[in-house]
Every structure is written in C-alpha cells, then in structure tokens.
Amino acid sequence: MDPRSLLNEQQLDAVTVTGGATLVLAGPGSGKTRVLTHRIAYLIDQMGIPPYRILAVTFTNKAANEMKKRLESMVPERAQSVWLGTFHSICVKILRREARYLPVDSNFTIYDVDDQAALIKNILKDLNLNDKLYRPGAIQETISRAKNEMIMPKQYNIRTSRDAKIQEIYERYQANLRACNAMDFDDLLLSALSLLYENDDVREKYAARFEHVLVDEFQDTNQIQYELVRLLSSVHKNLFVVGDEDQSIYRWRGADYRNVLRFEEDYGNFNKVLLEQNYRSTQKVLDLARSIIDQNHHRTPKALFTERGSGSLIRFYNAEDDRDEADYVVRTIQSEIRKGTSPASFAIMYRMNSQSRMLEEAFMKAGIPYRLVGAQRFYGRREVKDVIAFLRLVYNPKDEVSIRRVINVPPRKIGDKSVEKLAEVARLTESSLGDVLQELGVLGSQSEIWGALDRSAAPIHQFARLMVGWLEIKDKVSLPDLFDRILLDVEYQEYLQDGSEEEVIDRWGNVQELRRQAFEFEELGLTALLENLALVSDQDTIAEKLDSPTLLTLHAAKGLEFDRVFIIGLDDGVLPHNRSFEDEEEMAEERRLFYVGITRARDQLYLVRAERRSMFGSYEIQFPSRFFKDVPDELVQMDSPQRSSTQRGYDRWERGSYRNGSGRSRRNQEDLFFESWDEKVTTTHTWKSANTNRENRVGNTGHAAILPQQSDAPQREKKTEPTYRAGMKVKHPSFGEGMILNVRLEGDGEETLDIFFSELKQQKKLAASFVKLEILH
DNA sequence: AGTAGGCCACTTTTT
DNA sequence: GTGGCCTACT
C-alpha cells in the first residue's frame with residue numbers, strides 16, 4: 001500500500017506526521033475518515049506499530065464500523081486487534097476488565113434512559129414526591145448534566161429546596177444503581193475516568209499500552225472524554241485528533257468544542273493540519289455552506305474548495321403546509337427516479353424526528369419504499385424491552401429494574417403490593433430482589449418469606465422457579481436456546497396474541513429480530529449481545545443496501561453524504577428550533593446543524609419550508625427560517641409555482657414584519673392562551689374552532705401563494721409600545737371585569753398581563769394579543 | 001389484580 | 001392526534 005498515490009498533500013501530511021500531538025482540522029467532505037484509516041494502516045504497516053497498541057475512538061457506532069470495514073481492507077487480519085470503538089464501548093471494555101476496582105461486578109448492566117426513569121420513579125415513590133412536580137425525565141437530565149460536569153451527589157450545589165430534594169434523589173439513584181449492579185450511560189465514562197484517576201497502576205497500564213491514540217469528531221468531546229484521552233495517551237503522548245468546530249452539534253450533550261482550544265494549550269508544540277479540499281460537493285453547495293457558516297463567530301475560517309465544478313442551483317420550495325412539503329419532496333423524487341436517478345441517492349433531512357411522519361405517509365401513498373433512520377425506535381418497543389429485560393435479569397439477577405419490568409409479564413397476578421413486599425424483604429436482608437426471588441424459587445414454601453406473601457405466593461413462586469431455572473442453564477446452553485427457553489417458559493408468544501392482527505405480526509416480528517441477533521451473538525455470548533443492545537442504537541442497525549431514499553434527522557446525517565439532499569422544515573422555530581432562540585450559543589449550533597445538512601449534498605440541494613405546519617394536532621402558521629437571510633439570491637432557483645421572488649419566504653424576514661412573531665413567542669402566547677382559559681370555558685373547543693376558521697380561509701383561497709401575508713393575521717398583530725398599564729380596569733369577553741395588576745413587555749413585543757377578575761375571584765395571566773380586552777378606564 | 005376510560009404531555013437533537 | 005399513565009371501577 002502506498003498512501004502517496006491516494007492522498008492529497010495535506011492528507012498525506014496528516015497521515016504520516018510523527019512526534020507528539022496532532023490536531024487535524026477537517027472541513028466537511030475533506031477525507032477525514034480516509035485520513036484516520038490511512039494513518040492507522042500506515043502506523044501498522046509502515047511504522048511497525050503492533051495493532052493492539054493503537055486506540056481509535058469515534059462517537060457513533062456507525063463511524064466505528066465504517067472505519068473497521070475500511071481498515072480491514074487495508075491491513076487484513078491485523079485490523080481486528082486495533083482497539084476501535086465509541087467512547088462508551090471502549091470504556092465498557094476497560095471497566096469490565098478492571099471491575100475489581102469498581103463498586104460493581106464485571107457483569108454490570110447498562111441502563112438506558114427508560115431504565116433510568118424507572119429507577120427514578122421508584123425513588124420518587126419512596127420519598128413520597130409528586131412526580132408532576134418532580135418529573136422523572138427532567139430529574140434524569142439534571143443528574144446526567146451533573147455527571148457530565150463530574151459533580152457527584154455530595155458536591156451537588158444546593159440553592160433551593162428543590163435542589164436539596166434532587167440531591168437526595170441523585171444520591172439514592174447512585175446507590176440504587178450500585179445495588180442493581182448497573183451503570184447508566186454517563187457512569188460508563190465517569191467511572192472509567194475515576195478508575196484512571198484513582199489507580200495509578202491501571203492508568204499506567206493502559207497509557208503504556210496505547211502508543212497511539214486517535215480521536216474522531218474531536219469537536220464533540222465533552223470534558224470527561226477529553227480527560228479520558230488525555231490520560232490514555234499520557235505515556236506516549238501520541239494523540240491524534242480530527243475535528244471540525246463548524247460541525248459541532250452536540251453541545252446539549254455536554255460537547256465542548258473549546259476542547260480544541262484546550263488541546264492547543266495542553267499540548268504546546270503540536271502539529272496542526274488543515275484539510276480544505278472538499279471531494280464531495282459542487283461549488284454552489286459549498287458557496288451556500290460558506291455563506292451560512294461565515295455568520296458564526298469564534299472559529300477558524302477555512303477556505304474550502306472543490307474541483308468538482310460549479311454544479312446546479314440550489315432549489316427552493318415554499319410549501320403551503322407540511323403536507324404540500326412532503327408531496328413536493330416525493331413528487332420531485334418520483335420524477336427523478338423516472339428519469340433514471342437511483343432512489344438511494346436521495347436523502348431527506350429534518351430537525352425533529354416527528355417531521356418524518358408526513359413524509360412517510362407521502363412515500364407510502366406514492367408506493368415508494370423508503371429507509372427511515374432512528375425514530376421508530378425498535379429498541380423502544382414494548383415487546384423488545386420485555387425480552388431484553390428477561391435476558392438481563394438472567395445475566396445480572398441484581399438488575400431490579402428489569403425484574404420489576406417483567407415479573408408480571410405476561411400478567412400472572414403479581415401486583416405492585418406484592419413486588420413492594422419483596423423489595424422490602426430484600427432491603428431488610430440487605431440482599432436484592434433477585435436474591436429474594438432465587439431463595440423463593442429454590443425453597444418454595446420452606447422459605448421464611450413464603451408466609452408473608454398470602455395470595456400472590458403461588459404466582460411469585462412460579463416466576464421465581466422459572467428464573468432459577470434460567471440461571472441454572474444460562475452457562476450450559478447456547479444463547480439462542482436460552483432465548484427460546486425463556487419465551488416458551490413465559491408463553492410470550494401467546495401473550496402477544498391480543499391486539500389487531502398487524503400488531504401481532506409486527507410485535508412478534510420484532511421478537512424474531514431479537515432472536516436473530518441472539519443467533520448472531522451465539523459465539524460472543526450474552527455479555528456481548530446485551531452490550532450491543534445497550535450501546536448500539538437504531539441508527540446503526542438500518543439495512544445498508546436498500547435502494548431507497550433515506551429519511552433522517554440532521555444530527556443523524558453527520559458523517560454521511562448523498563447525491564441529492566432535501567432539507568425540509570426551514571421555518572423559524574423548527575430550524576432554528578425555538579428552544580435555541582434565547583441563547584446565542586445555541587443559535588450558533590442550529591446554524592452549524594444547517595451547515596452540516598447542506599454539506600451532506602454532493603450534487604443537488606433542495607431547501608423546503610411550509611407556511612403552515614400541524615403541530616400537536618392543530619395547525620400553526622410558520623415563518624421562514626432566519627437562515628434564509630444569509631442565502632445568496634444568485635445561488636437559488638425557485639421551485640414553487642405561481643410565486644415571484646418577492647414572495648420568497650425570507651423577504652418577509654428582511655422586512656421585519658414578523659420579527660416579533662418568532663416561533664418561541666407564538667408558543668408562549670399559545671401557552672398563555674391555554675393557561676388563561678378556565679376549564680369551564682372548554683379550552684379545546686374554542687381553540688379548535690379558531691383553527692377550523694383558519695383552515696377554511698386557506699381552503700377558500702385555494703393557494704397559499706395568493707393568501708394575504710400570513711404574518712398579518714389579526715391575532716398575531718404585535719405591539720411595540722405597551723397598550724395597557726397596571727391599575728387599568730378592563731373587560732374580558734368571558735371572564736368579565738378585572739383589574740390589571742402587572743404588565744410585562746416581553747422582548748418580542750408581546751405584552752403579558754396579570755389580571756385579577758373580580759367575578760372569578762381569580763388572577764389570570766393573559767397574552768394581550770390573544771384576547772379582546774375592553775378598556776374601561 | 002386487572003382493565004377501561006379519561007387526562008396529559010408530547011416534539012429537539014444521541015451514546 | 002396519540003400513546004402512556006393515572007384513577008376509579010369491577
């Protein structure tokens with residue numbers, strides 16, 4: 001293999017650079033993966049580095065698998081010995097090996113968000129906390145954030161009484177994880193890091209082993225991951241990182257692209273290589289990408305260039321509504337396919353998974369098969385989780401979350417009361433739910449616990465015996481046999497029979513898919529299967545070969561490329577998402593997300609938006625994405641019929657006529673609207689009729705193109721001066737007379753009023769633009 | 001203990 | 001619009 005013939009000058013520099021730390025700043029499509037794989041091959045083949053002394057870390061399994069595949073073709077056999085995987089999988093590998101240093105056993109279970117939520121719910125029940133006030137999901141996120149910042153329960157900063165409660169939950173949560181012999185996603189990284197921090201010999205062992213450490217997508221590392229690679233490369237100091245700050249889209253997950261700057265500080269005389277030649281896109285695509293990303297500050301400007309030629313114009317379609325948007329996409333693809341374009345060359349990208357629905361319907365109607373990445377969440381399906389829970393409790397009988405999940409599946413007359421009783425016994429005997437069940441399974445009515453169980457004793461005993469049976473055979477029979485035995489024992493197939501026919505087929509099909517995986521992992525065993533199930537997301541399990549258009553989120557699109565890319569939902573509030581409106585950094589990230597989407601396209605890019613969009617079952621008027629403001633006119637060709645360029649969505653943005661009508665403020669108004677309505681006034685009815693009216697209006701006029709400017713819809717009219725003052729007396733059509741207590745002028749020009757209504761004897765918060773208030777004096 | 005019917009939150013993005 | 005979850009009934 002001669003790397004010289006396959007690489008450009010910059011790439012070759014990166015591949016062959018020696019001596020310490022190297023930072024490669026790689027623009028999109030600049031051959032980043034090629035550089036990484038070639039470098040690994042080069043180290044093995046030319047530098048004589050033993051493959052097992054190389055560690056390469058990626059963010060997604062997809063990336064890891066891709067690299068594995070390429071490496072395999074370059075240095076056959078030897079490629080397998082390279083430590084190559086995601087941060088999480090590498091950490092698991094280390095943790096299982098070094099379990100003697102850990103508070104868990106080597107067969108620990110990995111808990112996903114659902115498991116975490118289940119655990120938190122149990123704790124909330126124990127603490128008698130209202131799960132409306134303490135939402136398990138929110139607490140889970142809070143704990144996760146703390147862990148990402150390396151804050152342990154004891155260090156948790158308490159400022160409010162709620163913080164105190166959260167700290168208590170956090171503390172119990174960690175204790176329960178330990179008791180369940182389990183780790184959550186964050187623990188995998190955090191425990192690995194503290195293992196290396198606290199045990200010099202362990203750190204030495206790994207750091208001495210890894211002569212070369214390579215990191216992909218370095219801009220997406222968080223603090224913990226940064227520390228991990230720093231420690232793992234601390235002996236040989238051959239750290240090679242590849243990244244692009246413009247493609248950093250995981251800030252919300254703790255990613256900190258400033259790690260690039262930290263790198264520059266921590267490794268004084270490092271090598272820096274810029275990869276600027278783009279091999280993917282046409283110049284038009286790159287021009288657009290550049291005009292979008294150049295609006296972001298604090299970045300290393302890159303001069304991306306291509307030799308692929310100018311290419312065709314970016315096409316823009318301003319859809320009437322989200323159905324029209326989906327129809328446009330499908331229509332366009334259909335006509336291209338008829339012209340001979342391969343269906344697989346298309347990708348449709350969107351901000352939120354929920355946006356795929358309309359597309360799926362349109363594709364189905366057109367009879368075009370499609371490939372959906374993520375979303376559907378195979379692993380989130382009830383039957384899949386059930387079966388995995390059975391396998392997990394066999395693998396790790398301390399796994400209380402899994403036991404609780406399936407102890408009464410299929411229903412065998414074991415209710416909450418009985419489970420709590422068992423859990424109480426476990427607590428008193430300082431054992432686990434699994435231990436208690438095992439004792440019951442073995443001793444039956446001889447067990448001391450038996451007496452306490454009354455009616456549920458028999459069914460519990462039955463389940464316990466099954467469990468003991470599985471534990472006995474788990475090391476003796478093959479994985480598929482164990483799998484079948486469990487399903488037969490609990491009569492799972494029969495259990496799935498109720499429900500509609502398609503549903504049954506669907507569910508059982510999912511179980512069969514798991515069974516197929518059990519066969520696939522027959523050699524590697526239960527540990528590997530469960531690990532794969534925990535760490536490999538749906539994103540990675542999509543059939544590669546399918547010759548169909550791909551539907552995926554912008555996040556999922558990173559690292560991929562397609563001939564023809566649609567980016568849909570370019571509305572303010574969708575992309576950029578309205579949760580980013582308040583925070584400049586988050587807005588910059590939305591822009592990067594858009595940039596990532598644009599740069600996935602090789603030849604043709606389509607930008608699509610919709611003037612109305614159904615959300616939560618009702619229609620909402622949308623305004624064009626503010627990013628349109630940075631799209632140069634000369635790059636765009638209009639695809640919308642009956643539309644002149646002045647009707648192009650973003651002109652309205654320029655006019656500023658709806659700046660106040662950003663998605664965020666509209667959402668707020670809606671919330672306020674709901675809040676302001678008393679239950680007696682049948683909220684939904686009022687709201688629905690408002691929608692129907694709006695719909696009718698659109699229906700009557702036929703085309704959105706000849707609609708009056710949506711932004712001028714009367715109920716959206718914005719004020720720049722407060723109309724109301726505290727102390728004013730007003731009359732509300734439903735609430736009657738009231739006194740204004742407080743007026744707040746939001747940043748977006750919206751007035752929020754606190755009004756005390758004397759008839760209702762109630763204070764209400766109202767959005768001024770939403771209600772017709774008569775000023776009395 | 002199981003179930004039906006009503007209520008509600010849901011829609012960022014992922015290992 | 002819908003699925004998950006709680007409550008109240010059987």
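Just so we're on the same page: letters track the sequence lines, and every chain starts at 1. Computation of the quantities below employed the complete heavy-atom set of this structure, encompassing side-chain atoms and omitting hydrogens, waters and symmetry-equivalent molecules.
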* Interatomic distance, Lys121(A) NZ vs dC5(C) C1' [rounded to whole Å] -> 8 Å
* Compare the aromatic ring of Phe59(A) with the six-membered base ring of dT15(B) and state whether they stack according to the 5.5 Å and 30° rule. => no
* Under 4.0 Å between any heavy atoms, over every strand shown, what does Ser580(A) touch: base, sugar-phosphate, or nothing? Just pick one. => nothing
* Asked: Once the angle between the rings of Trp252(A) and His555(A) is folded into 0 to 90°, is it parallel (under 30°), tilted (30 to 60°) or perpendicular (over 60°)?
  -> perpendicular
* Asked: Out of dA1(B), dG2(B), dC10(B), which has the shortest distance to the side chain of Asn408(A)?
  -> dG2(B)
* Could you tell me whether the side chain of Glu589(A) and the main chain of Arg251(A) form a donor-acceptor pair under 3.5 Å? => yes
* For the side chain of Ser418(A), counting heavy atoms from C-beta on, which of dA1(B), dT13(B), dC10(B) is nearest? -> dA1(B)
* Asked: If you check every side-chain atom of Arg357(A), which of dG2(B), dT2(C), dT15(B) has the closest atom?
  -> dT2(C)
Please tabulate, one pair per line, all N/O donor-acceptor pairs under 3.5 Å involving side-chain atoms of residues 87-97 of chain A, not counting sequence neighbours.
unit_1	atom_1	unit_2	atom_2	d
Ser89(A)	OG	Thr86(A)	N	3.1
Ser89(A)	OG	Thr86(A)	O	3.1
Ser89(A)	OG	Thr86(A)	OG1	3.2
Arg96(A)	NE	Glu531(A)	OE1	2.9
Arg96(A)	NH1	Ser106(A)	O	2.7
Arg96(A)	NH1	Phe108(A)	O	2.9
Arg96(A)	NH2	Phe108(A)	O	3.4
Arg96(A)	NH2	Glu531(A)	OE1	3.1

* Asked: Which nucleotide in the list dG1(C), dA9(B), dT13(B) gets nearest to the side chain of Phe616(A)?
  -> dG1(C)
* Presence of Ser618(A) side-chain N/O under 4.0 Å of dG1(C) phosphate oxygens OP1/OP2 -> no
* Asked: For Arg251(A) and dT14(B), is the shortest distance between a side-chain N/O and OP1 or OP2 below 4.0 Å?
  -> no
* Looking at every strand, decide which applies to Lys558(A) at a 4.0 Å heavy-atom threshold: base, sugar-phosphate, or nothing. => nothing
* Asked: Closest to the Arg135(A) side chain: dT14(B), dA9(B), dT15(B)?
  -> dA9(B)
* Structure fact -> Separation of dT15(B) atom C1' from Leu530(A) atom CG, nearest Å, is 17 Å
* Cationic tip of Arg600(A) above Phe562(A) ring, under 6.0 Å, 45° of axis -> no
* Could you check how far CG of Asp112(A) sits from P of dT15(B), rounded to whole Å? => 12 Å
* Structure fact -> On DNA chain B, more 5' by nearest nucleotide between His88(A) and His577(A) is His577(A)
* Asked: Does Asn222(A) place a side-chain N or O at less than 4.0 Å from the phosphate oxygens OP1/OP2 of dT15(B)?
  -> no
* Asked: Starting at the 5' end of DNA chain B and moving along, which residue's nearest nucleotide shows up first, Lys417(A) or Leu189(A)?
  -> Lys417(A)
* Spacing between Asp386(A) atom CG and dG4(C) atom P, to the nearest angstrom -> 12 Å
* Charged N to carboxylate O under 4.0 angstrom, Arg626(A) versus Asp572(A)? -> yes
* **Whole-Å distance separating the NZ atom of Lys413(A) from the P atom of dG2(B)** => 6 Å
* How many Å lie between CD on Glu620(A) and C1' on dT11(B), as a whole number? -> 11 Å
* Structure fact -> Quick note, His555(A) side chain, CB onward, closest among dA1(B), dT13(B), dA9(B) is dT13(B)
* Asked: Can you tell me how far P of dT15(B) sits from CG of Leu95(A), to the nearest Å?
  -> 19 Å
* **Distance, rounded to the nearest Å, where Asn353(A) contributes CG and dT13(B) contributes C1'** => 8 Å
* To do: Establish, yes or no, whether a centroid distance under 6.0 Å links the rings of Tyr492(A) and Tyr495(A).
  => yes
* Asked: NA contact type, Phe87(A), heavy-atom cut-off 4.0 Å: base, sugar-phosphate, or nothing?
  -> nothing
* Which part of the nucleic acid, if any, lies within contact of Asp186(A), taking any heavy atom under 4.0 Å across all strands shown: a base, the sugar-phosphate backbone alone, or nothing? -> nothing
